[in-house]
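Some notes on the structure that comes next.
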Amino acid sequence: MPPANPPFVPPGSGWPEDPAVPATPVAHGAGDVAELAAGAPDLHELCARQSVCRACDRLVEWREKVAVQRRRAFADERYWGRPVAGWGDERPRILIVGLAPAAHGGNRTGRIFTGDRSGDWLFASLHRVGLAARPTSVHAGDGQRLIGARMSATVRCAPPDNKPTPLERTTCLPWLAREVAEVAPTVRCVVCLGGFAWQGVWPALKQAGYGVPRPRPKFGHGAEVELAPPPSEPRRDPVLLLGCYHPSQQNTFTGRVTEDMLDAVFVRARDYR
Ligand code: SF4
């Protein structure tokens with residue numbers, strides 16, 4: 001009998017409303033992920049299935065260990081300790097893709113880019129340009145709301161050293177690919193936060209039916225690629241893929257990323273067609 005996920009979250013806990021129920025099917029390997037992602041009837045069920053996934057042994061062990069050990073500053077908090085599902089508008093114009101949740105950020109709060117320094121920069125920028133209701137994203141019950149935008153990640157579990165292995169990225173790919181396909185009818189722009197997200201999003205876009213160029217364009221801050229939409233979409237105008245340096249502490253401390261640089265990317269995403 002495989003180990004179970006941590007208990008399902010009671011309402012009012014301050015964590016995101018749990019999309020999963022005890023009957024939600026749990027993936028225990030790459031084949032399960034592909035099957036459950038493809039078979040999810042809608043975005044809500046897709047997120048529910050993502051949130052209980054146990055397909056990557058190393059990441060399951062790590063996310064749950066971090067949730068028990070905790071950081072001293074959060075010693076009195078209960079950590080989410082599960083995969084962090086995509087969140088935001090269900091019919092977004094903009095899809096924002098990061099690499100993976102942070103060990104003491106998304107893995108603690110249950111919401112991507114929430115409760116960490118990168119999120120402080122990211123949400124401040126999104127708020128300045130009108131894509132987030134509040135300038136901060138502290139915990140899942142803080143009233144934050146994305147406006148016409150959605151956030152997701154190439155890998156849904158916090159990895160040691162922020163480095164998922166190639167196998168873990170491949171195993172997690174069907175979750176993102178299906179999410180990309182689900183929101184394709186409304187998405188006009190995909191913003192990739194950092195080079196790893198840029199690399200990781202290409203196979204998801206391809207699986208979702210987008211026309212992707214060969215060779216793949218290089219990542220850079222403000223890099224732009226126009227993609228042919230999936231043939232199944234009635235709209236034929238291109239979708240914009242935008243590169244954005246990751247608002248990591250290293251990048252923001254050193255000035256590699258500034259507020260103006262972030263705002264410029266999100267203004268471009270907001271105003272694209
Ligand atoms: S990284 Fe993705 S595939 Fe691996 S356990 Fe987490 S949610 Fe599942």
Side-chain angles (χ1 to χ4, degrees), residues 2-6 19-20 24-40 46-69 79-87 95-116 118-119 150-182 190-208 212 216 219 243 246 248 250:
N5 282 291
T24 301
V26 178
H28 289 283
D32 291 351
V33 174
E35 190 178 317
L36 293 175
L46 180 71
C47 289
R49 294 177 180 192
Q50 291 170 1
S51 78
V52 292
C53 180
R54 303 184 68 83
C56 305
D57 291 342
R58 185 182 81 115
L59 297 188
V60 171
E61 187 183 341
W62 173 254
R63 77 192 189 203
E64 294 180 359
K65 184 170 145 192
V66 168
V68 170
Q69 292 181 339
Y79 278 43
W80 176 253
R82 287 168 45 189
V84 181
W87 80 286
L95 179 65
I96 301 164
V97 181
L99 171 64
H104 303 279
N107 189 55
R108 173 172 60 90
T109 62
R111 198 169 71 185
I112 191 108
F113 281 113
T114 295
D116 60 44
S118 300
R150 186 172 182 85
M151 279 184 188
S152 197
T154 57
V155 170
R156 276 148 216 286
C157 295
D161 301 321
N162 289 322
K163 284 189 188 139
T165 66
L167 179 61
E168 288 159 353
R169 289 204 297 254
T170 303
T171 302
C172 205
L173 174 62
W175 293 134
L176 179 62
R178 179 65 200 282
E179 191 163 352
V180 168
E182 278 292 308
V190 179
V191 179
C192 292
L193 295 173
F196 288 117
W198 179 268
Q199 287 166 20
V201 84
W202 287 110
L205 290 165
K206 192 169 178 206
Q207 277 193 25
V212 299
R216 288 175 186 161
F219 172 73
H246 194 289
S248 63
Q250 191 183 6

Rounded distance (nearest 0.5 Å) linking atom [atom1] of [X] with atom [atom2] of [Y]:
X: Trp87; Y: Arg150; atom1: CH2; atom2: CZ; value: 10.0 Å
X: Thr154; Y: Glu168; atom1: OG1; atom2: CD; value: 11.0 Å
X: Leu193; Y: Met151; atom1: CG; atom2: CE; value: 7.5 Å

Which atom of [X] lies closest to which atom of [Y], heavy atoms considered:
X: Arg49; Y: Gly39; value: NH1-C, 3.5 Å
X: Cys47; Y: Ala85; value: O-CB, 3.7 Å
X: Arg169; Y: Pro164; value: NH1-O, 3.8 Å
X: Ser51; Y: Trp80; value: CB-CZ2, 4.5 Å
X: Val26; Y: His28; value: O-CD2, 3.4 Å
X: Val52; Y: Ala20; value: CG1-CB, 3.7 Å

Tell me, please, which residues at least two apart from [X] pass side-chain hydrogen bond (donor to acceptor under 3.5 Å, both in side chains).
X: Thr170; result: none
X: Thr114; result: Arg111, Ser137
X: Glu182; result: Arg178

Side-chain donor-acceptor distances from residues 95-103 under 3.5 Å, at least two apart:
none

Is [Y] close to [X] at the side-chain level, that is, under 4.5 Å between some pair of heavy atoms?
X: Trp175; Y: Leu46; result: yes
X: Tyr79; Y: His104; result: yes
X: Ser118; Y: Phe113; result: yes

Kindly list each side-chain donor-acceptor pair under 3.5 angstrom involving residues 196-205, sequence neighbours excluded, with atom names and distances?
| residue | atom | partner | partner atom | Å |
| --- | --- | --- | --- | --- |
| Trp198 | NE1 | Pro217 | O | 2.9 |
| Trp202 | NE1 | Trp198 | O | 3.3 |

Q. What residue among Arg82, Gln69, Arg54 forms side chain to side chain contact (heavy atoms under 4.5 Å, CB included) with Glu64?
A.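 Going through the options one by one, the only one that passes is Arg54.
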Q) side chain to side chain contact (heavy atoms under 4.5 Å, CB included) with Cys157: which of Asn107, Val84, Leu59? A)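 Passing option: Leu59.
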Q. With sequence neighbours left out, which residue pairs that include part of residues 152-167 fulfil the salt bridge (Lys or Arg N to Asp or Glu O under 4.0 Å) condition?
A.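 For residues 152-167: Arg156-Glu179.
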